[in-house]
Participant: 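What follows is a single structure, and I will ask about it in a moment.
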Amino acid sequence: MDDIKAMEKAKEHFGEILEEQLKRIQVMKDDQDWVDYSSLDTIVIGICGGDGIGPYISQSARNVLETLLTNEIKSGKIEIRDIDGLTIENRVKAMKAIPDDVLDELKKCHVILKGPTTTPKKGDPWPNIESANVAMRRELDLFANLRPVKVPELDVDWVFFRENTEGSYVLGSKGVNVTDDLAIDFTVATTQGTERLIRLAFDHARKNGIDKVSIVTKANVVKTTDGKFLSIAAEVAKDYPEIEWDDWFIDIMTAKLIDPYRRKDFKVIALPNLYGDILTDEAAQIQGGVGTAGSANIGKKYAMFEAIHGSAPRMVEEGRAQHADPSSMIKAAAMLLGHIGFADRSKKLEMALEICTQYEKAKVMTGRSNGATGNEFAQYILDTVRDPDLEKKWKSYQIK
Ligand code: IPM
Ligand code: MG
């Protein structure tokens with residue numbers, strides 16, 4: 001193809017992308033209300049096992065949920081439903097990030113607990129289809145990715161609000177190889193998409209008595225989209241005069257997260273999609289590894305809760321899947337409980353997680369046979385939740 005023809009084709013493609021994004025903005029403008037879980041007769045929790053270690057750690061998290069919600073499941077207030085088919089084999093068969101029938105089933109749930117799914121890249125044995133996470137976040141409009149990281153002994157207590165439907169991800173599979181030599185991807189920031197994320201971050205701070213929000217961008221270089229993110233943050237901040245806010249560039253922020261003198265000053269951190277992806281892995285590592293971090297993908301109608309890590313196919317190949325750490329999925333389950341109105345149980349589960357993973361450590365996960373299995377660890381967490389002295393125990397660890 002000659003260059004002129006290639007350019008024409010790329011322009012046409014670009015035109016379609018613009019149309020799609022303008023439509024998306026219209027949908028956001030038409031805004032819906034937040035779902036009220038307390039008004040639902042039955043809250044349906046869908047469980048997607050996913051790939052690799054996903055089915056193992058999801059099963060542990062499911063057991064925890066079933067135990068903590070026994071009465072509500074009996075009374076019909078809660079239904080736990082398995083959603084099959086979100087596996088790489090099925091997705092490749094349909095050549096879709098999420099096969100249509102699976103997406104239909106997901107849309108019949110109110111909230112979803114999702115195990116990690118394989119995200120192919122060029123050169124993998126799988127066709128290079130889009131990530132199921134990214135597709136689900138887009139299809140269910142899960143615009144905020146909340147990722148808490150807490151390390152009491154370092155005085156670290158962060159909540160990341162990662163923008164989840166825009167940035168470099170929004171068109172990840174729609175970039176163009178204009179010619180053999182020219183590849184272009186896109187980054188998108190919309191007023192509506194940015195504002196709703198930043199508001200949620202400030203609202204979270206306000207509701208929880210947190211007096212500081214940090215915005216992270218690279219607005220000095222990525223001037224248009226990151227520039228928009230930062231200027232919208234400045235506007236939104238005016239509605240929260242009691243909350244101090246500051247802004248950081250992603251490079252120095254990456255350094256500051258490991259600066260023992262500065263990192264304890266960060267509290268709520270709001271940032272565009274890709275920076276959020278990267279920074280939250282770093283943050284999770286400080287907490288003890290990505291296996292310890294859960295994540296909530298929040299939209300107005302749906303919400304999805306997941307681990308922040310991948311499906312670790314190597315653990316399965318090496319026969320170690322039963323030793324995969326379920327803490328991240330159990331943390332996700334705790335966030336799910338809080339989100340649908342069981343704040344007390346959510347808090348207790350988080351306390352138990354903290355005791356088991358950070359302080360008491362009566363069982364330890366190593367990812368290998370010299371450590372506990374995921375099921376044993378989940379049982380340890382459950383026993384801890386049900387310990388009548390749970391709160392006393394937790395408090396005793398808070399005294400330094
Ligand atoms: C995450 C993951 C995903 C992402 C991948 C699996 C597409 O890394 O949830 O952080 O990049 O968002
Ligand atoms: Mg990631």
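Each ligand, and each atom within it, is numbered from 1 in the order the structure gives. Treat the numbers as computed from the prediction; the structure is a model and nothing was measured.
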Participant: For this output row, return yes or no: ring centroids of Tyr302 and His110 closer than 6.0 angstrom.
Facilitator: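 Tyr302 vs His110: aromatic centres not under 6.0 Å.
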
Participant: Examine Phe305 together with His339 and report whether their ring centres are nearer than 6.0 Å.
Facilitator: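 Centroid distance Phe305-His339: below 6.0 Å, so yes.
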
Participant: According to the interplanar angle, ranging from 0 to 90°, do the rings of Tyr397 and Tyr359 count as parallel (below 30°), tilted (30 to 60°) or perpendicular (above 60°)?
Facilitator: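 Tyr397 vs Tyr359 ring planes: parallel.
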
Participant: May I ask you to check whether Asp181 and Thr179 show a side-chain donor-acceptor distance below 3.5 Å?
Facilitator: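 No donor-acceptor contact under 3.5 Å links the two side chains.
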
Participant: Looking only at protein heavy atoms, which one is nearest to atom 5 (C) of ligand 1, and how far off is it?
Facilitator: Thr119 OG1, 4.2 Å

Participant: Between the side chain of Trp394 and the main-chain N/O of Asp389, is any donor-acceptor distance below 3.5 Å?
Facilitator: no

Participant: Check whether Ser346 reaches the backbone of Ala334 with its side chain - one donor and one acceptor, N or O, closer than 3.5 Å.
Facilitator: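 Checked: pair present.
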
Participant: What protein heavy atom is closest to atom 1 (C) of ligand 1, reported as residue, atom name and distance in Å?
Facilitator: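 Its nearest protein heavy-atom neighbour is Arg147 NH2, 3.3 Å.
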
Participant: Look at atom 7 (C) of ligand 1 and say which protein heavy atom is nearest, naming residue and atom and giving the distance to 0.1 Å.
Facilitator: Ser131 OG, 3.4 Å

Participant: What's the shortest distance from atom 3 (C) of ligand 1 to any protein heavy atom, and which residue and atom give it?
Facilitator: Asn133 ND2, 4.1 Å

Participant: Could you pull out the closest heavy-atom pair between Val268 and Ala205, with the gap in Å?
Facilitator: CG2-CB, 4.2 Å

Participant: Within ligand 1, which atoms have a heavy atom of Tyr169 less than 4.0 Å away?
Facilitator: 4 (C), 11 (O), 12 (O)

Participant: Mind listing the protein N/O/S atoms less than 2.8 Å away from the Mg ion (ligand 2)? Waters don't count.
Facilitator: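 Sorted hits: Asp277 OD1.
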
Participant: Looking at Asp51 and Thr118, would you say the former's side chain and the latter's main chain have a donor-acceptor pair under 3.5 Å?
Facilitator: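 Checking the backbone N and O of Thr118 against the side chain of Asp51, a donor-acceptor pair under 3.5 Å is found.
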
Participant: Just to check, does Arg162 reach to within less than 4.0 Å of ligand 1 when the distance is taken from its heavy atoms?
Facilitator: yes

Participant: Once ring pair (Phe, Tyr, Trp, His ring centres under 6.0 Å) is applied, what residue pairs with a partner in residues 254-297 remain, sequence neighbours excluded?
Facilitator: Trp248-Phe266

Participant: Please report whether ligand 1 has a polar contact with Asp277, defined as an N or O pair separated by less than 3.5 Å (distance criterion only).
Facilitator: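 For ligand 1, there is an N or O atom that lies under 3.5 Å from one belonging to Asp277.
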
Participant: Heavy atoms only, cut-off 4.0 Å: how does Lys121 contact ligand 1, side chain, backbone, both, or neither?
Facilitator: neither

Participant: Report yes or no: does Glu130 have a heavy atom closer than 4.0 Å to ligand 1?
Facilitator: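 It does not; every heavy atom stays at 4.0 Å or beyond.
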
Participant: Please determine whether any non-hydrogen atom of Arg137 lies less than 4.0 Å from an atom of ligand 1.
Facilitator: yes

Participant: Quick one: does Phe186's side chain get under 4.5 Å of Val176's, heavy atoms only?
Facilitator: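 Yes, side chains in contact.
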
Participant: Looking only at non-hydrogen atoms, find the nearest pair between Gly50 and Thr117 and report the distance.
Facilitator: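 Shortest heavy-atom separation between Gly50 and Thr117 comes out as CA-CG2, 3.9 Å.
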
